[in-house]
Structure formats: structure tokens, C-alpha cells
Amino acid sequence: MAPTKATAAAAAPVSRGAAGHPHRIAVVGGGPGGLYAAALLKRLDPDREITLWERNTPDDTFGFGVVLSDETLGGIEHADPVVHAALQRHFVRWDDIDIVHRGVRHTSGGHGFAALGRRRLLQILHERCRSLGVELRFRAEAPDPARLARTYDLVVAADGVHSTTRAAFADVFRPRITEHRCRYIWLAADFAFDAFRFEIAETEHGVMQLHGYPYSRPSPGHHPAARPSGPQDHGASTVIVEMREEVWRAAGFDETPENESVERCAKIFAEALGGRPLRSNNSAWTTFRTVVNERWSHGNVVLLGDAAHTAHFSIGSGTKLAVEDALALAACLREHSRLEAALTAYEAERRPVVASTQRAARASLEWFENLDLYLGRPPRQFAFNLLTRSRRVTHDNLRLRDPRFTEAVEREFGCLPGTPPMFTPFRLRGLTLRNRVVVSPMDMYSAVDGVPGDFHLVHLGARALGGAGLVMTEMVCVGPEGRITPGCAGLYTGRQAEAWRRITDFVHTRAPGTAIGVQLGHSGRKGSTKPMWEGMDEPLDDGNWPLVAASPLPYKPGSQVPRALSRAQLTDLREQFADAAVRAARAGFDLLELHCAHGYLLSGFLSPLTNHRTDAYGGSPEKRLRFPLEVFDAVREVWPGDRPMTVRISATDWAEGGITADDAVAVARAFAAHGADAIDVSTGQVVAHEKPEYGRSYQTPFADRVRHEAGVPVIAVGAISSWDDVNSLILAGRTDLCALARPHLYDPHWTLHAAAEQGYEGPGVVWPAPYRAGSRRPRTGRTDAPRPRLALGD
């Protein structure tokens, strides 16, 4: 891409400061991030010339309260004790979160918040900047970004979500701005809530929610529940009202003037407000925009705060991130002698933190977007679900903060005293699993001619002894041409079935109470490849077999081109699946899963990116579902009626034009209508050009949505690594079972160790008799050292 005039200007040589420590610094934007960056940079080098431009007046602010974390405050305290001391004098602190739903309030304590008025925060930072000698220019538009880049050693762009600096160099920063599905408005109430309050209103137009928190202390002796009377200061609270776009329009807010909107919001949430009014500050309904930039700096221009990134207000991180950016930028400029190195280090330090926060914020945002899915949940589970929505607050974390609340949620869920949620039983058809842990299917590529051998016996047997409720095989192929690699296991011969019977007998005999399931599948266009460790998805050097698929599309450049399946071949394949299911039943498997995910044969029919057929098996979603459902029906017909069947799907292709979460719900409903007992919800691996959004338990929101919209039990999978995650997801009602893969490779006894670490002993997990001596964590280190007895003064 050819550089723009602005880009070329930014890359032009600047004054001596760019080669060493920047001397002349321009800061664009007078929000907390820009002001704090200016103050820190001036404090670290008083000789610097720092000018800050802010288009609004010093008193203009479009929010009300600001929340800062203890971590952020700790950084401020070390970097600038003067600012920290001023903040401390004005902070409102509280510990409780109130969740009000259908007239019932649930309170969870021990959370620890600190907030103050945004206007007060700006005043503190204005005073600090002036005392240090920063030149503040209010009611002034900053000069053109290219001009600033030519005439200053460093340009700090802290000009917000609508950053003009970012726009001027958009070809370099390459921003991605995503607009979301809710409308919200920032308001305030002239009294202090006594907790962080979430309140749900189910109106004739749809669901609306209130987020409220105090940011100013009430006068001594004031009680928040009392109505205002006289001139007494009752404190103040931020109030955000939010709802889906379609609800906002149905309620007529799109045609309502600001003052009427404010009055209507006060009436809708009159109980939460105690009948008090709300006030605005040029408040307007808006949609949240998530900002992500591929780069944060160019030449001597660097982005900071909302100009670089945004995180949804429901996790209270906007000002926090901006202040932390300022701290990191100042530190990196001090630690590196060259500006380029300093800006590179700043981005390297902050980007992972911001990405993690944005993932949490996205999870929180989407929870509120889909709030109506959870309204029918039991009251305490609803509250727990809300508290853990971002996955940053967990079951174990809440148990430490507020054990009484957490125990009440567990009782409502059905946990016996002392029983973690993961060790509660779960029933699928005639099979009762003693706990909610599943060893996820993992391809081992270690079979010979499709026959599982000693490796499989040890691999699956060890994990069955490890305490999981259900152990799944790798994808077991229904024919030799359906293998992914020459080392893939099968169920297309009697010899293979006998070998599997040896394994199921071991599990049932030596690990009684553990179920073992088989996953049946066909590789489709992703077959005839090398084992993963020799080159994942790479074609074999020799000995290739012909591939078949929904359409003649190679998986990636250089991959073998499959043949499109004819009608006769579809019939043959359907019979192969049914024959394999008969062998699986005789081999003693307790559960059968049909693999319709990850771009393998049946998945290839479901996705419009891989199914370009024009016959009865392609085109509309219903036609693309036809063959997978035919296979499911054929397998269900021969699979024993008391044994459950599940289906693994890819709930998104992570690619434009592919399967979406909405499609996944429709696919799950279709399989459930045909008799699927649960849906195993994975994502991706359908097309090579996918762009997954990885992160901790990143696939669980898809399972959550399938569970609530399709009304079918689900298995969640994908970067679930800790027993705390499993407990949190189960107790929140986001999934019924959790499948873990890599953790079980790291530790075959993962479930046993999870029980030991939680101090659990009960029917949900049983140590094999020969292993019971290991049911306590071994001691490490000396424990007999004498304790200090005296502390002598100077």
C-alpha cells in the first residue's frame, strides 16, 4: 500500500529528541490517559516541553464516575505519590454487588471497588500537570497530526475512540472497529448506591438493564434508601441504562428527546432509584465500539487509551487501561535510549494485557447482549452467571470472597455439602456419569492398519484410571479412506472391534464408574496426511489414497483435491457409519459421538464454505444438513436405545461467509430433534484461512448459546484448563459437561488431582485401590524448622 501524505510526514526525521529521550512532546486529548501521561513524562524529566490539546473546556466531561482497580492504584502510588494521595481523599470504596432480578435481590460481597467522579479525577490531573509545568490548551483543536509529527519529538495520541490521529495514519495503524448490538446511555443519580447494582427490567418492549455504582460519598448519617430532603449531600452514582437495539427501537427511544429518555429511564427503574430522578450531561444513546489496532505506533506517533483499544464498560476498564498505558509508556521511555525501541517495548508490554482485557470485556458484553437467554435460570444461578460472565471472576474466587453466597448457589444447583459442582452426576439417556469431566477426543496417530494397540490401551486406560466421568476415543474412522493419517484407528473390521473390546473391558473392570465413548467420523478432504508431528495437514509423500468430500475443494494450497461424492457413494458412506456403530456397540462402548466438526466429511457438508453442491445436499442450510442427519439417523437406528448419542459440531468457521453462532443453534436443534442427547460444541478447523479468537475457555460462549437457545445439553471444549474453570462453567449453567484435551496429556490423573486439591472425597470421583496412597499431595521441602519466637526491637 502506498504511504499517504500524513504517513510520509510521520516517518520524516524529527528533532534530536527522537534519537534519544524525546524533549518536545505533544499530547492530543485531555482525558485521564492523556493528562496522566503528560504529568508522568514531565515529572520524569522536568526539562521536557509538553503541550496538551483538549477541544473541550476543563469542566466538560461526558461520563460521571470512574472505577480504578487496586493494581492500577498501586502503579499510580509508585509512579506519582502526589496524584495517588489526591485520589485517595476522594475515593468511594465498597465491597458488595447487588443483582436484582424479578423482584429478588442477591448480594455478593468481598469484591472491593474504588471510584470517584470523572470531573474530580480530571481536576486532580489538571492541577498536577500545571504544578509540573505542562502547558494545557483547552477549547483548542490540536494541529494536524502530520504537522505535530514533523514539529515534535513525540506525539501521544490520547484522543479517544474517535481518534483523528488514528484516522490520519489509518493505513499504518490499521484499526478494526466493531459496533455491537446494544444501545446505552450514561446518566447519574444524586444519591449513592450502597453497592454495585445490576437490575433487570422485563418490559413490554423487551429486556432492559441498569448498571449503577456510587462515585461520591453521601453526607455523614445519610442512608442511601432514604428519599432526598433538603440541601443535604446524598452522594452520587453513575447509572447506565442498556438494552438491545431492537428493544430500544420498540420502546421508541430512537424518537424520544434526551430529557424524555432520562425521565422514562427513571420510571422504568424507579424501584432501584427509590423514585428519585436521573440527570444527564449532554447524554445520548450510543452503541459500544470495540477498537483494535494492528499497530500502536508509527515513527514518533503513539496511540494510548481508547485511541488504541477499547473495552466494554461492563468490566470498568476504560480509564484503568488508559492510566496503565500512560504508566507503561513513561517507564519504557525512561528505560530505552532510543524512541523506536521505547515505543516497541511499550506495545509489547501492553498488548497482551489489553488483549486479555478485551477478551474478558467481549465475553461480558455478549453476556448482556444475550441477557434474555438467562432470565429463566434459578435466581442464584442467574446471579452467579452474571458475576462470572467475563471469566475473570470464578467459582473459587467467589468462594474466597463470599463463601455464604457461593454455598447458597451450590445448594440451589444441587451440590451436596462439600461437593464441588464438577463432581455432581449427570444423566444422558440410560447412562449416568459420576462427574462432569470428559477426556476430549485426541487423535493419537498410533494405530496399525486401523487397529488400536497397546499404546491405546495404556493411553485411554490411564485416563480412565485418572477419574474422569467419560473418556472419549480419538476420531475412529468408518473406512480406510476415511482416515486422516495412516496411523488413525478404525472400526471397519472385526479385528479392530476386538481390539477396542480389550480397551473397553479394561476401563469397565479396572476403572468402574468411568464411561468410555467412541467418536465416529470420516476425514473427508482432510485425509491422507502426515501425522501431526511430521507436518500437520501436510499430504503424504507417498502412499496417498483418494479423497472424497461434499465438493471438490482442497483444504489448502498443496492439499489433495477430493472428489465430490455421488448419490451412490453417499449411500455407501451412510452404511459404513451404521456398520461401524454396530461394531462399536458390540465392542462395549457406553456412548457414541458423531463427528460433524473440524472440516471432516460431515462438517464439510454443513459449512457453505466447503459445500458448493447444487443438488439436494447443498445450498440452503436445510439441504446442507440433509446428509449429516441421514447419517445420524442411520447410526441412531442401530445404536442401542439406552445408550446416548452426541454430536460434535463446529459452532463457527471463524471465517467470513461461514457457519455462525446463529447457524450453530439451528444445527444443534436439528440434531436434537433427531434424537441427539447432547451437542459437543467446538469451533473452527473447517477452512485453512480461519482467524480464531483464542483465549481462555474461548469456545464456551458458543456452547452456552446452544444450550440456552436450542434447549439441549452441551459439552463445552476449548482451552478449559483448570478445575476452577470447570466448576465455574457448570455452576453458571453455561454447559453440562466440560471436555479437556491438553490438560489430560499433561496429567492423566487430572480429575483425581482436582479432587485432592479441593479436599473432595465422595462418589463423584474414586481413587483406584492401588493408587489411594497417592491421594494426598506429596510434601515438598522441610517442615521441621523452628519458628521464630522473639522479635527484638532496636
Could you tell me the separation between the CG atom of Leu278 and the CG atom of Leu273, rounded to the nearest 0.5 Å? 5.0 Å

Angle between ring planes, Phe173 versus Phe169, binned at 30° and 60°: parallel, tilted or perpendicular? perpendicular

Out of curiosity, Ile240 CD1 to Cys182 SG, how far, rounded to the nearest 0.5 Å? 12.0 Å

Side chains of His205 and Thr203 only: does a donor on one sit below 3.5 Å from an acceptor on the other? no

Could you tell me whether Phe368 and His180 have their ring centroids closer than 6.0 angstrom? no

Check Ile315 against Ala361 and note the closest heavy-atom contact, atom names and distance. CD1-CB, 3.5 Å

Between CZ of Arg102 and CD of Glu202, what distance do you get to the nearest 0.5 Å? 4.0 Å

Is a donor on one side and an acceptor on the other found under 3.5 Å between the side chain of Ser364 and the backbone of Ala360? no

Can you name the nearest heavy-atom pair linking Phe405 to Thr107, along with the distance? CD1-O, 3.7 Å

Please say whether more than 12 non-hydrogen atoms of neighbouring residues, nucleotides or ligands are located less than 6.0 Å from CZ in Arg351. yes

Ignoring hydrogens and angles, tell me if any N or O in the side chain of Arg380 forms a donor-acceptor pair with the backbone of Glu412 under 3.5 Å. no

Over all heavy atoms of both residues, which pair between Phe191 and Ala272 is shortest? Give the atoms and the distance, please. CZ-O, 4.0 Å

Any chance you could lay out the side chain to side chain contact (heavy atoms under 4.5 Å, CB included) test for Asn370 and Arg244, step after step, and finish with the verdict? CA-CA 9 Å; Asn370 297 303; Arg244 287 279 289 262; 3.8 Å; yes

Short question: side chain of Glu709, backbone of Val665 - any donor-acceptor pair under 3.5 Å? no

I'd like to know if Glu245 pairs up with Arg181 as an ion pair, taking the criterion as any Lys NZ or Arg NE/NH1/NH2 lying under 4.0 Å from an Asp or Glu carboxylate oxygen. no

CA sep, side-chain torsions, deciding dist, call: Ile76, Tyr36, side chain to side chain contact (heavy atoms under 4.5 Å, CB included): CA-CA 10 Å; Ile76 293 173; Tyr36 194 51; 3.6 Å; yes

For a 4.5 angstrom cut-off between non-hydrogen side-chain atoms, does Phe113 reach Pro214? no

Min side-chain heavy-atom separation Thr51-Arg137 under 4.5 Å: yes

Indicate yes or no for a side-chain donor-acceptor contact from Tyr213 to the backbone of Gly65 under 3.5 Å, with no hydrogens or angles considered. yes

Note: Arg707-Asp704 ion pair, threshold 4.0 Å (strictly below): no

Determine the minimum heavy-atom distance between Pro701 and Ser697, stating which atoms define it. CD-O, 3.8 Å

Between Thr388, Thr700, Thr394, which is the residue that forms a side chain to side chain contact (heavy atoms under 4.5 Å, CB included) with Leu729? Thr700

Among Arg696, Arg391, Arg392, which one satisfies salt bridge (charged side-chain N to carboxylate O under 4.0 Å, His left out) with Asp725? Arg696

Close side-chain approach of Asp325 and Tyr346, heavy atoms under 4.5 Å: yes

Please lay out, stage by stage, how Leu387 and Arg401 fare under the test side chain to side chain contact (heavy atoms under 4.5 Å, CB included). CA-CA 12 Å; Leu387 292 171; Arg401 296 182 188 201; over 6 Å; no

Short N-O contact, Glu693 and Arg359, less than 4.0 angstrom: no

Side chains of Leu52 and Cys129: does their closest heavy-atom pair fall under 4.5 Å? no

Answer yes or no: is there a donor N or O on one side and an acceptor on the other, between the side chain of Arg264 and the main chain of Thr256, under 3.5 Å? no

Under a 4.0 Å N-O cut-off, is there an ion pair linking Glu263 with Lys267? no

Return yes when atom CZ of Arg174 has more than 12 non-hydrogen atoms of other residues, nucleotides or ligands closer than 6.0 Å, and no otherwise. yes

Quick one: does Thr310's side chain have a donor or acceptor within less than 3.5 Å of a partner on Arg289's backbone? yes

How far does CZ of Phe382 sit from CG of Leu375, to the nearest 0.5 angstrom? 5.5 Å

Exam field: side chain Ser356 to backbone Pro352, donor-acceptor pair closer than 3.5 Å: no

Between Arg377 and His708, does a side chain to side chain contact (heavy atoms under 4.5 Å, CB included) hold up when you go through it step by step? CA-CA 10 Å; Arg377 305 308 301 167; His708 286 89; 3.6 Å; yes

Drop me the distance from Leu116's CG to Arg93's CZ, to the nearest 0.5 angstrom. 10.5 Å

Do the non-hydrogen side-chain atoms of Phe253 and Trp285 ever get within less than 4.5 Å of each other? yes

Close side-chain approach of Asn281 and Arg118, heavy atoms under 4.5 Å: no

Charged N to carboxylate O below 4.0 Å: is that the case for Asp190 and Arg279? yes

Check for a donor-acceptor pair, side chain of Arg166 on one end and backbone N or O of Val161 on the other, with a separation under 3.5 Å. yes

Mind listing the closest non-hydrogen atom pair of Ala26 and Tyr152 along with its distance? N-CD2, 3.6 Å

Counting only heavy atoms not in Glu271, do more than 12 fall under 6.0 Å of its CD? no

Measure the acute angle between the ring planes of Phe313 and Tyr184, then classify it against the limits of 30° and 60° as parallel, tilted or perpendicular. tilted

Interatomic spacing from CG in Leu304 to CG in Asp159 - rounded to 0.5 Å: 10.0 Å

Side chains of Leu136 and Glu54 in contact at under 4.5 Å (non-hydrogen atoms): no

Looking only at heavy atoms, the pair that brings Val27 and Gly34 closest together is CG1-O, 3.6 Å

Is a side-chain donor or acceptor of Asn293 paired with a backbone partner of Ala308 at a separation under 3.5 angstrom? yes

Does any N or O in the side chain of Thr357 come within less than 3.5 Å of the main-chain N or O of Val353, such that one atom is a donor and the other an acceptor? yes

Is any side-chain heavy atom of Asp396 closer than 4.5 Å to one of Asn727? no

